[in-house]
4 protein chains.
Amino acid sequence: MTAPVRRGRPRSENADVRILEAAHELLVERGYDRFAMDEVAARAAVAKTTLYRRWPTKDHLLVALVAKIQDEVSVADTGDIRRDLSVYLTAVATGLDRMRRVGRDLTGEEDRSAGVVAELVAAAARHPDVGDVVRNLFARRNALPLALLDRARERGALAPGTSSEVLFDQLAGALYYRLLVTGAPIGADYVEELVGQVLAGTGATRHPERT
Amino acid sequence: MTAPVRRGRPRSENADVRILEAAHELLVERGYDRFAMDEVAARAAVAKTTLYRRWPTKDHLLVALVAKIQDEVSVADTGDIRRDLSVYLTAVATGLDRMRRVGRDLTGEEDRSAGVVAELVAAAARHPDVGDVVRNLFARRNALPLALLDRARERGALAPGTSSEVLFDQLAGALYYRLLVTGAPIGADYVEELVGQVLAGTGATRHPERT
Amino acid sequence: MTAPVRRGRPRSENADVRILEAAHELLVERGYDRFAMDEVAARAAVAKTTLYRRWPTKDHLLVALVAKIQDEVSVADTGDIRRDLSVYLTAVATGLDRMRRVGRDLTGEEDRSAGVVAELVAAAARHPDVGDVVRNLFARRNALPLALLDRARERGALAPGTSSEVLFDQLAGALYYRLLVTGAPIGADYVEELVGQVLAGTGATRHPERT
Amino acid sequence: MTAPVRRGRPRSENADVRILEAAHELLVERGYDRFAMDEVAARAAVAKTTLYRRWPTKDHLLVALVAKIQDEVSVADTGDIRRDLSVYLTAVATGLDRMRRVGRDLTGEEDRSAGVVAELVAAAARHPDVGDVVRNLFARRNALPLALLDRARERGALAPGTSSEVLFDQLAGALYYRLLVTGAPIGADYVEELVGQVLAGTGATRHPERT
DNA sequence: CGATAAGCGAGACGGTACGTCTAGTCTTCCG
DNA sequence: CGGAAGACTAGACGTACCGTCTCGCTTATCG
């Protein structure tokens, strides 16, 4: 296995940085649809060629950008599965809400639309490879909470037959469903109620077990 | 309360029909993104103004179209809440999958993307008023299954503290989450498992109560 | 030959007036090209049908309008052909300049373009019948100055072989040429010089003959 | 004085040629008003953007086109000013008549309208910058005959006080006036009479001076 | 050290849809 | 039948963006 010999002028890392910064700025300012590649190039002081050498499509660039800027949601395992899930989901909900606001000036709650998240979902639907990226992204992102659920089941905090995947779908799905489809609000109390109801039948005690 | 006096030439219902038919046809043939207003007009033998008088935007037209063509999913109330939900959700999943395939030639399972559904969600995110339409649509659509859950709780098949809304979010959310985000398959067995796990903690007996 | 029997509701003369007023207003405000029939109808509180029942075309309406609003240029016959022509042509030039300014906000002399006159000429070129109207209009309008020239020739103030038509073409033509084509200014001094030079070879004395 | 550094992809000269050819063809076929930018693009196998990058408006394109295709009218200086002018003006009249016929199928003399020329004049009236182009065009075009007149005056064939500009206005003006306004015919005899009458008072002898 | 390869900035290009505008016609109901 | 209202057909317009291409130039590594 030989080292991949690089010839010619190497790609400017500086360009990458400037592009992503410009793109980020522009996405925040304008939102997904009024985001224009021409303007990213102009702002980053970069040729469009340079953009397209890196990302074959506006959708690709934006997915990459979002993948980069979305914060790692940390998962704490305190042994209290109910609390851990609440904390985790609240963090996710907060992140989604921040995404939702990107590119629009929302003062009140008047606009309940899903914003960038919805556009990314559509982008994933348009290009199979973007879809792959998104799915990978979520697979990685969800690995931690899934492991958390697995450990809870192992120590008996969840009923043995419970599927972590399905359980997680119930939780995350509810959030995304509200965000993308019904537009219903996702407050702290909703998360609480959701977690409570989901855990109700899984053998989780109302008060945390001690390890 | 005076009758709303209509003046001028009334809108041609014929045009509405022809437009929606043409749009439907075109959506199925091409999918959301390669769907062109010009061609709808041409196929419907209608001027573009007539289109835009009715729907201010391609997105508006398409949402209206989908709202119209999506079939009523019927809800049966047999008294067996588990089975009723399974049947209902399976029907929903089938409908979603049909939507997903619209406008693309999917032979195998190679493409796991969400298709039209994702685009509609994005359209709803782009225009506040389209968002309203979509949310109304789902509110109406979900009224029946929510009532089903309410009745189940009343007759003791669900724990008294259970929220129908939250429960429904868990169920529908899981489906949409898989469709739009993770791309995981949504088969009959998945629905079965999902319903089982959701109902597990709600006091639903494994075998149906008789009324 | 029976009288033409009129049946049904007679045409509203009121409408004619209101339409022409609205059209005039709009023409002055906007100029020929941004003049829209819809808006005339709206301002005149008249149906478009009513407009088109009277004038088959925007061009027809506007030509009729201009024919109506353009002031009669009076022709005085003092016996001093040179002065009479100067006075007449100055009046024409003033009228043309007012037309030129219609529909634009000209503060300085920056814009030398021909405005409405040019558009009317184009309108006449587009529809044969509009052309006829325009030509008739000018035939009537030019009858008086032509008669003036005829009388001058008869009394010996112009050389016998001089053609009034050609002479008039030289005079009026110069004005329109400057207005429509070269954009050169048409001041009082220009008119003076023009008349002087045109009359130079026709036997007109520099000082007026007495009758 | 540094060389003007050219950056980016140069404009395709080929495109220019193809566009102008297509436009010419289309203008001849259809005339000014049924001339469509979309079709020019299609025929030239060029994107509409390419059109609009060069000419911001249909009017701009057409004026440029006409400026290009209108043939240089040559000016001979034989020493016989009367004949030289007749020849020149006859050529101009012929050119105008050809323009007048562009885009319409004129068999007889039924249609006396000015056609393309009128439309160009109107275009010049609509956009100040188009007006500039047209005026420049005529300034250049008229330089030669004006010089001819100047030389004639210098050698005494015209009275010393005669203004070449005014004289030329009389001649050219008469032609354009007939073409654009009165629609009167412009035959060889008319030109002859016009030139004769214009030169009558300027000291031009009926038979040419020898140099 | 020169050849070769690739990256880069600039900006034109093909393609394509969008939504707008205006003209002139048609349809309805009311006087 | 005239009129008001307003929908309708027709079709061009100019704009916006995407993603590609073509220049001339720069920056690397290879031979």
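Keep in mind it's a predicted model, so treat the numbers as computed, not measured. Quick note on labels: first sequence line is chain A, next is B, and so on, each numbered from 1.
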D:Asp33 vs C:Arg126, test: salt bridge (Lys or Arg N to Asp or Glu O under 4.0 Å). Steps then yes/no. CA-CA 8 Å; D:Asp33 37 344; C:Arg126 278 189 289 263; 5.1 Å; no
Smallest separation among heavy atoms of D:Ala23 and D:Phe35, with atom names: O-CE1, 3.4 Å
In whole angstroms, how far is the P atom of E:dG11 from the CZ atom of D:Arg54? 15 Å
Walking DNA chain E from its 5' end, the first of D:Glu13 and B:Thr57 to be reached, judged by nearest nucleotide, is D:Glu13
Ignoring backbone atoms, establish whether B:Arg30 has a side-chain N or O less than 4.0 Å from OP1 or OP2 of E:dA17. no
Measure NZ/A:Lys48 against C1'/F:dC18 and give the value in whole Å, please. 7 Å
So, OP1 or OP2 of F:dA16: does either fall under 4.0 Å of a side-chain N or O from D:Arg53? no
Salt bridge (Lys or Arg N to Asp or Glu O under 4.0 Å) for B:Glu29 and B:Arg43? Distances and angles first, verdict last. CA-CA 13 Å; B:Glu29 265 179 46; B:Arg43 291 202 187 188; 3.0 Å; yes
pair B:Glu39-B:Arg30: side-chain heavy atoms closer than 4.5 Å: yes
So what does A:Lys58 touch, heavy atoms closer than 4.0 Å: a base, only the sugar-phosphate, or nothing? sugar-phosphate
Protein-nucleotide distance (B:Arg18, atom CZ; F:dA7, atom C1'), rounded to Å: 13 Å
Nearest of F:dT22, F:dG6, E:dG7 to any side-chain atom of A:Arg9? E:dG7
If we count only N and O atoms by modelled type, under 3.5 Å, do the side chains of A:His127 and A:Asp132 hold a donor and an acceptor together? no
Hey, does the side chain of D:Arg11 come within less than 4.0 Å of F:dC21's phosphate (OP1/OP2), counting only N and O? no
When all nucleic acid strands are considered with a 4.0 Å heavy-atom cut-off, which category describes B:Thr49: base, sugar-phosphate, or nothing? base
Expressed as a whole number of angstroms, how long is the span from A:Asp33:CG to F:dC18:P? 11 Å
Please classify the nucleic acid contact of A:Ala45 as base, sugar-phosphate, or nothing, using heavy-atom distances under 4.0 Å. sugar-phosphate
Need to verify one output field. Residue with the more 5' nearest nucleotide on DNA chain E, B:Glu39 or D:Pro10? D:Pro10
When rounded to whole Å, the CG to P distance for the pair D:Leu51 and E:dA12 reads 15 Å
In whole angstroms, how far is the C1' atom of E:dT16 from the CG atom of D:Asp38? 11 Å
Students often get this wrong, so: under 4.0 angstrom with heavy atoms, is C:Thr50 touching a base, only sugar-phosphate, or nothing? sugar-phosphate
Assert: residue with more 5' nearest nucleotide on DNA chain F, out of D:Met37 and B:Arg7, is B:Arg7
Phosphate-side-chain proximity, D:Ser12 and E:dA12, N/O vs OP1/OP2 below 4.0 Å: no
Nearest-Å distance for atom pair CD1/P, residues B:Ile19 and F:dA7: 13 Å
Rounded to whole angstroms, how far apart are OH on A:Tyr52 and C1' on E:dG14? 14 Å
